[in-house]
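Chain identifiers are assigned alphabetically (A, B, ...) following the order of the sequence lines, protein sequences preceding nucleic acid strands; residue numbering begins at 1 within each chain.
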Number of protein chains: 2
Amino acid sequence: MELRQLRYFAAVARERHFGQAARALRIAQPAVSRQIQQLEAELGVRLFDRRPRGAVLTAEGLALLDRAERLLGRRMRCAATRAARPTGRAGR
Amino acid sequence: MELRQLRYFAAVARERHFGQAARALRIAQPAVSRQIQQLEAELGVRLFDRRPRGAVLTAEGLALLDRAERLLGRRMRCAATRAARPTGRAGR
DNA sequence: TGAGGTTACGCCTATCGTAATAATG
DNA sequence: CATTATTACGATAGGCGTAACCTCA
């Protein structure tokens, strides 16, 4: 599993739309579709119900969304990134 | 940033050794070195002090390790992963 | 000089985008 | 029949492994 997949997944969940998610991500729709499929295959669950008017989260998808957003939200912006500021030590 | 980078980083931090981390990860040493470099570049910090006897975490590295292990530990094993049982994995 | 990390280079896998296809109300 | 997701396919980028090089006590 990679963060990219979670990011795409979260986008689709937010937009409830593969195409709109793709637009928000600045990529093509098939790329989103593929990553979601991969994620579903790896997890062994169906994350979305594909409908002609868009995609709706399944129960498992909803549960994953909670975790995924939490993970994405706290990426790695705490400890190390703070040191990237001019707070004293800067190696290069 | 990808989970792969965090996984490699955590391995090096645990082993305090690029080569040993590579062995633990079942990959070659340069692969580890490259991913760590990428991570350092993205974060803008030096995560390890390379020494002739191994690698030691910098203060920023230590802080990142804490977050990384937490993230890796709670990957996505809650809701969806429950359905991901055997018969589906194909390595290389 | 030896242990360990990095750079160079070629291969292979994965991802992406465009276009065509299938499915559903 | 229109809208939306999927599959096919060629092109591109990224990651990995082997080999050679550099660095430091």
Side-chain angles (χ1 to χ4, degrees), chain A residues 1-58 60-62 64-65 68 72 75-76 91-92, chain B residues 1-58 60-62 64-65 68 72 76 88-92:
Chain A
M1 175 184 308
E2 290 301 330
L3 289 178
R4 179 185 301 108
Q5 299 168 347
L6 295 181
R7 186 171 344 226
Y8 291 8
F9 163 73
V12 176
R14 289 184 78 92
E15 305 287 342
R16 288 185 291 280
H17 215 281
F18 276 66
Q20 216 136 326
R23 186 179 310 252
L25 293 166
R26 306 284 196 160
I27 62 177
Q29 183 171 343
V32 178
S33 187
R34 179 69 86 172
Q35 291 296 325
I36 300 297
Q37 283 179 66
Q38 236 172 274
L39 191 56
E40 288 179 327
E42 185 171 341
L43 297 177
V45 296
R46 199 75 174 169
L47 297 171
F48 293 101
D49 253 353
R50 278 78 160 177
R51 312 242 317 152
R53 300 295 174 202
V56 291
L57 277 167
T58 62
E60 296 85 1
L62 187 63
L64 180 67
L65 177 63
L72 294 172
R75 273 167 302 188
M76 281 293 105
R92 31 166 352 162
Chain B
M1 176 183 309
E2 292 300 330
L3 289 178
R4 178 184 303 108
Q5 298 167 347
L6 295 181
R7 186 171 343 227
Y8 291 8
F9 163 73
V12 176
R14 289 184 78 92
E15 305 287 340
R16 286 187 290 279
H17 217 281
F18 277 65
Q20 215 136 329
R23 185 177 313 249
L25 293 166
R26 307 281 195 163
I27 61 177
Q29 184 170 342
V32 177
S33 187
R34 179 71 85 172
Q35 291 296 323
I36 299 296
Q37 282 178 70
Q38 239 172 272
L39 190 56
E40 288 178 326
E42 185 171 341
L43 296 177
V45 296
R46 198 74 172 172
L47 297 171
F48 294 100
D49 253 353
R50 279 77 160 177
R51 311 245 315 152
R53 300 295 174 202
V56 291
L57 278 167
T58 62
E60 297 84 3
L62 187 62
L64 179 68
L65 178 63
L72 293 174
M76 283 291 107
R89 281 300 301 155
R92 21 119 173 238

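- In this entry the distance linking CZ of B:Arg23 with P of C:dA3 reads 13 Å, nearest Å.
- For A:Gln35 and B:Gln20, each mapped to the nucleotide of DNA chain C holding its nearest heavy atom, the one lying further toward the 5' end belongs to B:Gln20.
- The shortest heavy-atom contact between A:Arg7 and B:Met1 is NH2-O, 4.2 Å.
- The CG atom of B:Leu3 sits 13 Å away from the P atom of D:dG15 (whole-angstrom rounding).
- Using a 4.0 Å heavy-atom cutoff across all strands shown, B:Tyr8 reaches sugar-phosphate atoms only and no base atom.
- Residues B:Arg16 and A:Arg4 both approach DNA chain C. Their nearest nucleotides, taken by heavy-atom distance, put B:Arg16 toward the 5′ side.
- Checking A:Leu64, A:Leu65, A:Val12 one by one against A:Leu57, the side-chain contact (heavy atoms from CB on, under 4.5 Å) holds for a single residue, A:Leu65.
- Residues B:Gln29 and B:Phe18 come closest through the heavy atom pair NE2-CB, 4.0 Å.
- Taking the charged nitrogens against the carboxylate oxygens, B:Arg4 and A:Glu2 do have a contact shorter than 4.0 Å, which makes a salt bridge.
- When rounded to the nearest whole Å, the span between CD of B:Glu2 and C1' of D:dC16 equals 16 Å.
- The neighbour count for A:Arg50 CZ, taken as heavy atoms of other residues, nucleotides or ligands under 6.0 Å away, is above 12.
- Residue B:Ala31 is in sugar-phosphate contact alone, with no base atom involved, counting any heavy-atom pair closer than 4.0 Å across all strands shown.
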What pairs of donor and acceptor atoms, side-chain ones from residues 31-39 of chain B against any protein atom, are under 3.5 angstrom apart with sequence neighbours left out?
unit_1  : atom_1 : unit_2  : atom_2 : d
B:Ser33 : OG     : B:Gln37 : NE2    : 3.3
B:Gln37 : NE2    : B:Ser33 : O      : 3.4

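- One finds no side-chain N or O of B:Gln38 lying less than 4.0 angstrom from the OP1 or OP2 phosphate oxygen of D:dG14.
- Whole-Å rounding puts the A:His17 NE2 to D:dT6 C1' distance at 15 Å.
- Following rounding to the nearest Å, A:Ile27 (CD1) and D:dA5 (P) show an atom-to-atom distance of 13 Å.
- Between the CG atom of B:Asp49 and the P atom of D:dT23 there is a distance of 17 Å, rounded to whole Å.
- Computed from coordinates, the A:Gln29 CD to D:dT7 C1' distance equals 12 Å when rounded to whole Å.
- Look at CE on B:Met1: it is 17 Å from P on D:dG14, rounded to the nearest Å.
- Partners of A:Tyr8 under the ring-ring contact (aromatic ring centres under 6.0 Å, His included) rule, at least two apart in sequence or in another chain, do not exist in this structure.
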Expected string for nucleotides 19-25 of chain C under the B/S/- scheme (protein heavy atoms, under 4.0 Å, primed atoms plus P, OP1, OP2 as sugar-phosphate) is B----BS
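- Dashed line: the shortest gap from a side-chain N or O of A:Ser33 to OP1 or OP2 of D:dA5 is not under 4.0 Å.
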